[in-house]
Protein chains: 2
Amino acid sequence: MRNNATLKKISDHLNVSISTVSRALKDHPDVSPDTKKRVKELAMLMDYEPNAFAVNLRKKHSNVFAIIVPEISNFFYHSFVQAVEEDARRIGYSVMILQSMNDPEVEEQNLRLCRHNHVAGIFVAITNKTTDLTPFKKLEAIDIPLVFFDKVPTDDTFNKVSIADYESGWMAAEHLLTATAKHVLLVMGNNKLSITRRREEGFTDYYHKHQCKKKLAVVYADHIEEARQAVLDYFAANKNTPTAIFSMSDEIMCGVLKAIHTLKLQIPKDIQLLTISNGFLPTLFTPDISFVKTSGYDLGKLSFVRMQEIMGGKKFVRENFLTSSYYPGGSM
Amino acid sequence: MRNNATLKKISDHLNVSISTVSRALKDHPDVSPDTKKRVKELAMLMDYEPNAFAVNLRKKHSNVFAIIVPEISNFFYHSFVQAVEEDARRIGYSVMILQSMNDPEVEEQNLRLCRHNHVAGIFVAITNKTTDLTPFKKLEAIDIPLVFFDKVPTDDTFNKVSIADYESGWMAAEHLLTATAKHVLLVMGNNKLSITRRREEGFTDYYHKHQCKKKLAVVYADHIEEARQAVLDYFAANKNTPTAIFSMSDEIMCGVLKAIHTLKLQIPKDIQLLTISNGFLPTLFTPDISFVKTSGYDLGKLSFVRMQEIMGGKKFVRENFLTSSYYPGGSM
DNA sequence: AACATTGCCACAAACGTTTGCAGTCATCGC
DNA sequence: GCGATGACTGCAAACGTTTGTGGCAATGTT
């Protein structure tokens, strides 16, 4: 450890006090222009960087945000992170990414880590299985601002930013049901999550409102493999197989595609497909999968705004929504 | 900020000194079993957690590792991170993920952040465009251990852990050239990177050693879109179009698939395809893409071992390699 | 009985920074 | 000439932890 230029060393060289150096470096009006200049020059020369530990110890919180997601290998979360990183960088903060591996226990460990490191704020998309919210309450008790995004709990006492899920479900129904689909299978995620319930509600509300005579069925799955199996099971159990599938997310779509692959069905001839997606994965397939777009990037921007509001003292709790739009592909 | 149980508060309640509390909590032999018990009980009751800032300030380094990758939305890096996280957790460390966005400037900012936070160690996969290695040298000068993985610089003075790239290129050639391919197009990444050069070398060495009479061509691309365009350009420029494509990575494969899609070619009838991959993406397509598997997870494990060696004082510089194997799909 | 050993504990310095307060000049108004 | 103002600077405490050193009994050794 050589490169340890400290305030003290600078002050020794210049025969001034530590406090003067400290103030000079942050342009405090109390110190003369001349000393400021000398201090800054030497600091530059010595490659001085304030010791983050000491600063944080003093200020009692660090300048890094944490983002906790079930799995980062996900284009939606990826673009979310990107948006937050951009904004954080702009105000001199940085971002640390934590994965819960979809395991509430790991999630809690990560929260401990955040508490332990007194992060400036936390963005979190909860696990499918998260039920105990006390670790989150604990965070608020020690004044660490918290913004839930995408996968948010149903609890009303938290700040949340989410996709306009109802609307995107409605939009999906609108496009899929006006196509020739006779028998539609909805493949949804964990039905305890509000994201799932809202998207399904949006879809089925459209369905009922327009008094569709088509057959509608719903299955639920927590991850790729379950989604694949659920589709295969449904096809095995129903003589009259579906003519279209609605998938509520990228992850579900991967499972659905695997099932379609296994069943050797052709898209869109044998089966039509519509998903809700961030937009990257659907373009990798042939034909392109049609999707209702939900932008992780925009959600990140929105979340950051909310975070700053909270940090600025606006403590009132609310939930924000982000709108979505339809991108036709070749799968319908 | 309420939950601030400190050593001092505990010591006050128990009428012992701060140092005794500190030692009691870490089972120092100097303190009596009885006091230990009392201290630990009260600490538990007060929900005491050591203040990380103070600990780090004292110890001069934190217990978090940093992983810097061009883009985290990548299954290879994702499984790498997973492996490192597992091992780090085991020794009480945590991991922070940083993205360079494939931009050397952001990469350097991230390195600054690491230096600034005195991370325990850094795992880094460099940018395609990284040429200036001085920021990395600077890191070693202040004793922050550094392990390059996957995308490593050519410089010989660093610790590196990488895929046995030559071997995987060789293996790919072995399988692709014994298939009926008459005219093979190699789509490679940035050819300044050793990963690219080695994979290509492995492939072409096999080709020459076996005196294949087939036509061989190589194009380079830095990202998905460039890969797509490179393939389209090659097809446009060559009357005799390739019968097979070798892609050196998941990312390149995505571009290649888009091009194949644009050209409306059938796999494997019109064009055969073999890629090097972590194994997730190839299974999402129909037919499955054949691939030579490189495990990000295993690479993570290996890198962590190397990191621990360095931290343990074994300073000698070396490069480790990880072997790969072939997974047949339906694309050949 | 004198001395060394051991078990337990407290004191205090250090890590590097920030910041309220007080001190030292010189200048200015009267 | 005297108090007041203002510009600049230094002192010292605080943030919470770790750890070397030394003290003080009680026990063991000769």
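This is a predicted model, so every value here is computed, not measured. In what follows, chains are A, B, ... by sequence order, proteins preceding strands, each numbered from 1.
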Using whole Å, report how far [atom1] of [X] lies from [atom2] of [N].
| X | N | atom1 | atom2 | answer |
| --- | --- | --- | --- | --- |
| A:M46 | C:dG16 | CE | P | 12 Å |
| B:K8 | C:dA12 | NZ | C1' | 14 Å |
| B:L7 | D:dT19 | CG | P | 12 Å |
| A:K60 | C:dT17 | NZ | C1' | 15 Å |
| A:H61 | D:dG16 | NE2 | P | 14 Å |
| B:D12 | C:dA10 | CG | P | 12 Å |
| A:I18 | D:dG10 | CD1 | C1' | 10 Å |
| B:K37 | C:dC8 | NZ | C1' | 18 Å |

When all nucleic acid strands are considered with a 4.0 Å heavy-atom cut-off, which category describes B:S19: base, sugar-phosphate, or nothing?
base
Side chains of B:L42 and B:L14: does their closest heavy-atom pair fall under 4.5 Å?
yes
Under the 6.0 Å and 45° cation-pi test, does A:K160 pair with A:F321?
no
Do we get A:R306 above A:F316's six-membered ring, with its NZ or CZ under 6.0 Å from the centre and within 45° of the axis?
yes
Is A:K8 reaching over with its side chain to a backbone N or O of A:I18, donor-acceptor style, under 3.5 angstrom?
no
A:C114 vs A:L98, side-chain contact (heavy atoms from CB on, under 4.5 Å): CA-CA, chis, key distance, verdict
CA-CA 10 Å; A:C114 290; A:L98 299 170; 3.9 Å; yes
Between B:L57 and A:S17, who's closer to the 5' end of DNA chain D by nearest nucleotide?
A:S17
Using a heavy-atom distance cut-off of less than 4.0 Å, which residues of residues 20-35 of chain B contact DNA chain D?
B:S22, B:R23, B:K26
Taking every heavy atom of B:P145 against every heavy atom of B:M307, the minimum-distance pair comes out as CB-SD, 3.8 Å
In terms of the angle between their ring planes, are A:F80 and A:F149 parallel, tilted or perpendicular, with boundaries placed at 30° and 60°?
parallel
Side chain of B:A54 (C-beta onward), nearest among D:dT17, D:dT19, C:dT17:
D:dT17
